[in-house]
Amino acid sequence: MEALLLRPLANRPCESRKALQALPALVIAFAVIAVLPVWRAARLYCFHNYDLGIYSQALALLSPGNLNPWISGRQLHIFNDHFDPIILLAAPWTRLLPAWQVALLVESVLVALSVVPVWWLWRRGRLSASAAGLLSALVLLGPTTLSALRFPVHPTTWAMLPITWLVAALLERRTVLMLVALNLLFACKEEFPFVGLVLGVALLYRREWRPMAWVLALSVAWLALDFAVRPALLGPTEAYGPGLFAGVASHPWTYLVERLFAKGAASRIGSILVVIAPLALFAWRTRRQPDWLVVSLLLPMLAIRFLGMAWRFHYGAPVGAVAIMAFVPVLGTARVPRWLVVATTVLLISANVHNLRFTAKMWGLPSNAPPRHCPADPARIAALDVAVNHLVTAPPGPALVEGNLVAHLAARPDVYMVGGLQREASTPYRYVLVEKPPHGDPYPLTGKRIEELLPRWRQEAQSTYRDDVHLFFAAGKFTTSQ
C-alpha cells in the first residue's frame, strides 16, 4: 500500500494531464469565490477606511517628492505606522486607475501568484501535478486567504507571495532566490524580519553556515532599519512592539488569559488545523514528515499574533500559506489518493462557511442581499457616484465623510472620517458627505449619532448639494465630526 501511495507520477501522464486541466477551474473558482465579490463590495461602497482607505490614500499620495505621505484618515504618516515599503511598487499604477482599484488589483494578483512557487516545484520534480493542484487549492481557497481578502487591503496579505517563494527556495536550497524572497517579505511589514531571525537559527542548527550568515545579516539589517533608522529619520513611530507586552509585569495572569482567549484565536487556529488535517493524516499513513525548516517560519508569526491578540482579518494569510506549503515533502511526487481530495474538499468548505456567506451576499443570491449598510440599490450607487466625483474635483478644504467613502476619495489629502482620530479642527470642515442611516458605515459612531449630527450640519451648511433619502452632501463651515 505504501509503495502504491508513493509511486511517482512520471509514469502517470493521465494523472498529470487531469491535474493541469483542473488549474483553470481553480483560477475561475478563486475569481468567483474570492476576487469578484470583494470588487463588487468595494463598488457598492461597503468597505471601511480601515484598511482599504488607509492604503488607497497612501498609494494615491505617494510620489518621488512625497515618500512618506500624511494619511489624514489615520492621522499619521504612512511609514510612521507600519513599515511596509512594498507599497512603493504599487503606487505608480495609480496613474492609470483610481487608487482603491490599484490596491484591490495588486492584492488579488499577488495572492493569485502565490501558487506559482507550487508549480515551480512541480516543474523541478518536487511535486506531482495532482499534489501541486491540491496545495494550490488550499493556498488560494483556504479560510485564512479568503478572510484576508474580505478585509482589504494590507501588505500582510501581500506577503503570501514572497513567503511561498521563500518556502520553495528553502526546499530547493536556492540561496539567491531565498534572499530575494526574504527582502520582499521584510518589505511587507516590520514583523517579518523576526521570521528571518528564527530561520537563521534553524539554518545554524542544520549547519548550513553560508545561508545562515546571509539570513541573519539581512534580518538584523532590516530590524535596524525598522526600529532604529526609521524613527531617527521619520520621527516617532507607532509603538506596536512595546504594546505586545503591556501589562505582562503588572498583571501577568490577566495578560495570559486575555491572549489565550483572544477574539478570533480559536477559530483562526482551528480553521488552519481543519484544512491541513487530511494532509497530516496522509503524512502519518505514509510515514513522511513536513519540512521542519519550513515549519520554523511559523513560530515567530504565531508568537506575534498570540502576543498582539491579532488573529482575524489579514493576520492569518501568511501563516496559513506556510502551514500548507510545509507539506510539500509529504506529498512529493506521490499520487494523491481520492480520499485525501474528498476529505480536504469537505473540510475546506466547512471551514469557509462564513466566507462563502459573504460570497453569496455579494452575488445577490436569494435571501442573501448585500449587507444592510451597502445595498445594491442603483439609485444609492448613482447618488454616491455623483457626490464622490464632485468631491474629488472640488476645491481644497477639509472634507468630512463616512468611513466607507474614504477609499474612493483617496486622491484628496484632506479627507477625514466621521468619528475619526483627528482632533476637532480649529479650521472648520469645508465639506460633509454622509449616507443617511441605516446606510453607510459611520464606525466608530452609530447611525443614531449621524442622525443627531444632521440638524447641526444643516445649520452650518452654506451650499447644500444633496439632502434626500440617500445622502447629505454640503459645503460650509462644519465644526464637529464626532
Side-chain angles (χ1 to χ4, degrees), residues 35-61 72-73 93-108 150 152-153 358 361-364 369-418 420 429-443 447 450 454 457-458 461 463-476 478:
V35 177
L36 295 179
V38 169
W39 277 77
R40 176 167 165 77
R43 182 65 187 90
L44 295 179
Y45 298 91
C46 292
F47 291 122
H48 195 266
N49 179 44
Y50 307 131
D51 283 335
L52 181 59
I54 292 172
Y55 283 99
S56 296
Q57 195 174 26
L59 293 178
L61 301 181
S72 57
W93 296 99
T94 57
R95 298 177 183 177
L96 303 177
L97 294 170
W100 67 270
Q101 293 183 13
V102 171
L104 290 178
L105 180 61
V106 169
E107 183 153 289
S108 302
R150 283 178 52 204
V153 164
F358 170 81
K361 286 183 178 181
M362 297 326 307
W363 282 114
R372 184 169 177 259
H373 77 280
C374 55
D377 178 0
R380 169 183 172 265
I381 302 304
L384 282 170
D385 287 346
V386 170
V388 166
N389 290 334
H390 182 116
L391 193 49
V392 165
T393 58
L400 182 64
V401 304
E402 275 186 283
N404 61 310
L405 307 180
V406 173
H408 297 262
L409 294 163
R412 291 189 68 99
D414 52 5
V415 61
Y416 297 88
M417 186 180 74
V418 294
Y429 300 100
R430 184 170 182 175
Y431 306 98
V432 165
L433 172 58
V434 295
E435 291 194 69
K436 297 288 184 68
H439 301 154
D441 189 350
Y443 176 84
I450 295 295
L454 282 171
W457 286 335
R458 290 190 180 103
S463 299
T464 300
Y465 304 121
R466 187 156 191 152
D467 187 1
D468 58 16
V469 67
H470 296 294
L471 308 176
F472 175 76
F473 180 29
F478 307 99

Point to revise | ring pair (Phe, Tyr, Trp, His ring centres under 6.0 Å) against Phe473, all qualifying residues, sequence neighbours excluded | key: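 Once residues adjacent in sequence are excluded, the partners of Phe473 under the ring pair (Phe, Tyr, Trp, His ring centres under 6.0 Å) criterion are His390, Tyr465.
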Would you please test Val401 and Tyr416 for side chain to side chain contact (heavy atoms under 4.5 Å, CB included) and show each step?
CA-CA 6 Å; Val401 304; Tyr416 297 88; over 6 Å; no
Below 4.5 Å, heavy atoms only, C-beta onward: do [X] and [Y] meet side chain to side chain?
{"X": "Asp377", "Y": "His470", "answer": "yes"}
{"X": "Arg40", "Y": "Cys46", "answer": "no"}
{"X": "His439", "Y": "Arg372", "answer": "no"}
{"X": "Phe478", "Y": "Leu400", "answer": "no"}
{"X": "Val38", "Y": "Pro152", "answer": "yes"}
{"X": "Pro37", "Y": "Phe358", "answer": "yes"}

Looking at [atom1] of [X] and [atom2] of [Y], how far apart are the two atoms once the value is rounded to the nearest 0.5 Å?
{"X": "Lys361", "Y": "Cys374", "atom1": "NZ", "atom2": "SG", "result": "9.5 Å"}
{"X": "Asp441", "Y": "Glu402", "atom1": "CG", "atom2": "CD", "result": "7.0 Å"}
{"X": "Leu384", "Y": "Leu391", "atom1": "CG", "atom2": "CG", "result": "11.5 Å"}

Tell me, with the steps shown, if Ser72 and Met417 meet side chain to side chain contact (heavy atoms under 4.5 Å, CB included). CA-CA 8 Å; Ser72 57; Met417 186 180 74; over 6 Å; no
What are the two closest non-hydrogen atoms of [X] and [Y], and how far apart are they?
{"X": "Val406", "Y": "Gly53", "answer": "CG1-CA, 4.2 Å"}
{"X": "Ile54", "Y": "Tyr50", "answer": "CD1-CD2, 3.3 Å"}
{"X": "Val35", "Y": "Ser108", "answer": "CG1-OG, 3.7 Å"}
{"X": "Thr464", "Y": "Ala461", "answer": "OG1-CB, 3.8 Å"}
{"X": "Pro395", "Y": "Arg430", "answer": "CB-NH1, 3.8 Å"}
{"X": "Ala387", "Y": "Leu433", "answer": "CB-CD1, 3.9 Å"}

task = For the pair Met362 and Leu44, evaluate side chain to side chain contact (heavy atoms under 4.5 Å, CB included) and give the outcome as yes or no after the intermediate values.
result = CA-CA 9 Å; Met362 297 326 307; Leu44 295 179; 3.7 Å; yes
Which residues pass the side-chain hydrogen bond (donor to acceptor under 3.5 Å, both in side chains) test with [X], not counting sequence neighbours?
{"X": "Tyr45", "value": "Asp385"}
{"X": "Asp467", "value": "Lys436, Arg458"}
{"X": "Asn404", "value": "Glu435"}

Q: Check whether any side-chain N or O of Asp468 sits under 3.5 Å from a backbone N or O of Leu471 as a donor-acceptor pair, and report yes or no.
A: yes
Discussion item. Quick check on Trp93: does its CH2 atom have over 12 non-hydrogen neighbours (other residues, nucleotides or ligands) under 6.0 Å away?
Written reply: no
Please assess Phe47 against Arg150 for the test side chain to side chain contact (heavy atoms under 4.5 Å, CB included), listing each intermediate value before the final yes or no. CA-CA 9 Å; Phe47 291 122; Arg150 283 178 52 204; 5.7 Å; no
Please, which pairs that meet salt bridge (Lys or Arg N to Asp or Glu O under 4.0 Å) have at least one residue in residues 406-416, sequence neighbours excluded?
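Output for this query lists Arg412-Asp414.
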Mind listing the side-chain donor-acceptor pairs of residues 96-106 below 3.5 Å, one per line with the distance, residues two or more places apart or on another chain?
| unit_1 | atom_1 | unit_2 | atom_2 | d |
| --- | --- | --- | --- | --- |
| Trp100 | NE1 | His408 | ND1 | 3.4 |

